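Sequence positions, counted from 1, serve as the residue numbers for this chain. Everything quoted here is computed from the prediction, not taken from an experiment. Scope of the values below: all heavy atoms of this structure, side chains included, with no hydrogens, waters or symmetry mates.
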Amino acid sequence: MKTTDTPPPGPSGSPSDADAAKVPAQRTGTVSKGSSAPAKSGEGQVLNVFSHGMLILWAIMVVLPLFWAVMSSFKTDSDIFNTPWSLPSSLSFDAWGRAWSQAHMSEYFLNTILVVGGSLTGTLVLGSMAAYVLARFEFPGNRFIYFLFVGGMSFPIMLALVPLFYVMDNMGLLNTIHGLILVYIAYSLPFTVFFLTSFFRTLPTSVAEASIIDGASHTRTFFQVMLPMAKPGLISVGIFNFLGQWNQYMLPTVLNTDPEKRVLAQGLVELASSQGYKGDYSGLFAGLVIAMLPVLAAYIIFQRQVVSGLTAGALK
C-alpha cells in the first residue's frame, strides 16, 4: 500500500510554507482595500471646510450690515461720517427718541401692528381651512381650484395695482386699515394654501377618521384635532407671511395715501426724504432698527418650529 508523503509541520506547530505564503497576500489585500479610506475622508474634510467657509462668509455678509445699523443708531451724525466703523463712545438714545416721537414712528408702528396682526390672523385661518379641504376631500374641481391658488403665486402684483386701486375706491376701502388688511390677506393666500396643502397631506388620516367615528363633526375635527397637529406648518408659513407683510411697501404706497394711516415702510421712506440734503441719519438708523427688531424677535423665538415645519414633509 502506497502512501503520499506529507511535509512535517514546523516546530511548535508553526504554519507550513504554503500557509505562510498566504499571509502576506492577505495582509497586502487588507492594506490595498483600506488605502482608499484616507482619500475619501480627505475629500470629505475638504468639502466640509469649503461648506463651512461659505456659511461663515454668508453669515458675515448678513450680520455685519445689521450690526453696523444698530451701532450707527447710537451715534451722532458727525460720528457716523467721521468714524463710521468705530464703536460708539457712549450709548445715546437721542436718535431713538427722535425717530419714535418726532418722526412719528410710534404711530406707524401701531398701524403696522394692526394691519399685520389682522391680515396674518385672517390669512392663517382662511388658508388653513382651504388647504385642509383641498388636501383631504376629493370633489370635482379640486385640482382646478388648487392650481388657481398656485397660479396666483406667479401673478405679478404690479399688474393688479391700477384695477385694485379703483376697486378699493369704489368699495370705500381706500385709505383704511381694514381695506389694507383684506388686500394683504388676498396677497398672501396663494402661498399659504400651497404650503399648507402639502403639509396637511403628510398628517395621518387615521386620527381624523377616529374622531369622525367618535361622532365629531368635520368642523370640530379640523379645529380640535387637525389644526393642533399642523402647528409646525402654521408657524412656518406664519413667519414667511409675517416677513412679507411687515416689509410690504408697494401695496400701502398705492392704497394707503393717508399720512395718519401709514405703515413702517412708508414711515422709513418719509424719514429718509423729509429733510432733503440735511438728513437725520442717526434717526434713520434708529427707525430702521425699530422696524427690524420685531422680525428678528419673531424668527429667534420660533426658529425651531420653522425648521421642523419645513422638514416635516421630507421626514414623512
Side-chain angles (χ1 to χ4, degrees), residues 112-155 157 177-248 294-316:
T112 307
I113 289 292
L114 294 176
V115 172
V116 175
S119 61
L120 190 62
T121 303
T123 301
L124 292 180
V125 172
L126 297 177
S128 61
M129 294 171 66
Y132 177 74
V133 172
L134 292 175
R136 292 297 183 181
F137 298 96
E138 294 293 337
F139 55 89
N142 181 299
R143 303 303 296 172
F144 176 74
I145 296 175
Y146 174 74
F147 284 116
L148 278 181
F149 282 107
V150 175
M153 296 171 56
S154 61
F155 185 80
I157 192 62
I177 296 295
H178 56 278
L180 204 58
I181 290 175
L182 293 177
V183 173
Y184 277 19
I185 292 175
Y187 172 76
S188 304
L189 269 181
F191 173 74
T192 304
V193 173
F194 170 76
F195 185 93
L196 290 180
T197 300
S198 302
F199 190 86
F200 275 118
R201 287 172 180 168
T202 64
L203 298 181
T205 59
S206 58
V207 180
E209 293 173 354
S211 63
I212 295 295
I213 293 175
D214 290 340
S217 62
H218 289 291
T219 303
R220 185 176 181 182
T221 300
F222 171 72
F223 282 105
Q224 295 187 0
V225 178
M226 302 304 296
L227 203 59
M229 294 175 61
K231 183 180 177 181
L234 291 173
I235 293 177
S236 299
V237 76
I239 291 294
F240 288 127
N241 286 327
F242 177 75
L243 293 176
Q245 295 173 3
W246 186 271
N247 298 322
Q248 183 61 241
V295 178
L296 292 177
Y299 186 79
I300 291 173
I301 293 173
F302 299 106
Q303 181 180 6
R304 293 185 177 180
Q305 287 84 350
V306 171
V307 175
S308 62
L310 292 177
T311 57
L315 295 176
K316 180 68 176 179

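Residues forming a ring pair (Phe, Tyr, Trp, His ring centres under 6.0 Å) with Phe222 (at least two apart in sequence, or on another chain): Tyr132. Scanning for side-chain hydrogen bond (donor to acceptor under 3.5 Å, both in side chains) contacts around Thr221 gives Ser211, with sequence neighbours left out.
The distance from atom OG1 of Thr112 to atom CD1 of Ile177, rounded to the nearest 0.5 Å, is 8.5 Å. With values rounded to the nearest 0.5 angstrom, Leu124 atom CG is found 12.5 Å from Met129 atom CE. Rounded to the nearest 0.5 Å, atoms CG (Asn142) and CZ (Arg136) are 12.5 Å apart. Atom NE2 of residue His178 and atom OG of residue Ser119 lie 14.0 Å apart, to the nearest 0.5 angstrom. Here Ile301 contributes atom CD1 and Ile235 contributes atom CD1; the two are 11.0 Å apart, rounded to the nearest 0.5 Å. Going from atom CG of Leu120 over to atom CD1 of Ile113 covers 10.5 Å, rounded to the nearest 0.5 Å.
Looking at every heavy atom in both residues, Met226 comes nearest to Ala208 through SD-CB, 3.7 Å. Pairing each heavy atom of Phe200 with each of Ala135, the nearest pair is CB-CB, 3.8 Å. Taking both residues in full, the closest heavy atoms of Leu196 and Ala131 are given as CB-CB, 3.5 Å, listed atom of the first, atom of the second, then distance.
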Return a table of donor-acceptor pairs under 3.5 angstrom between the side chains of residues 180-195 and protein atoms on other chains or two or more places apart.
residue, atom, partner, partner atom, Å
Ser188, OG, Tyr184, O, 3.0
Ser188, OG, Gln245, NE2, 2.8
Thr192, OG1, Ser188, O, 2.8
Thr192, OG1, Asn241, ND2, 2.9

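In this structure, the side chains of Phe149 and Met153 stay at 4.5 Å or more apart for every pair of heavy atoms. Val133 is listed as a side-chain neighbour of Phe139, based on a closest heavy-atom distance under 4.5 Å.
Formation of a donor-acceptor pair under 3.5 Å by the Thr121 side chain with backbone atoms of Gly118 is not found in this model. Checking side-chain atoms of Arg220 against main-chain N and O of Ile212 turns up no donor-acceptor pair under 3.5 Å.
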message: Go through it in stages, so that I can follow the logic: the residues are Val295 and Tyr299, the test is side chain to side chain contact (heavy atoms under 4.5 Å, CB included), and I'd like the CA-CA distance, side-chain angles, deciding distance and then a yes or no.
response: CA-CA 6 Å; Val295 178; Tyr299 186 79; 5.7 Å; no
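Taking a 6.0 Å sphere around CZ of Phe155, one finds it holds more than 12 heavy atoms contributed by other residues, nucleotides or ligands.
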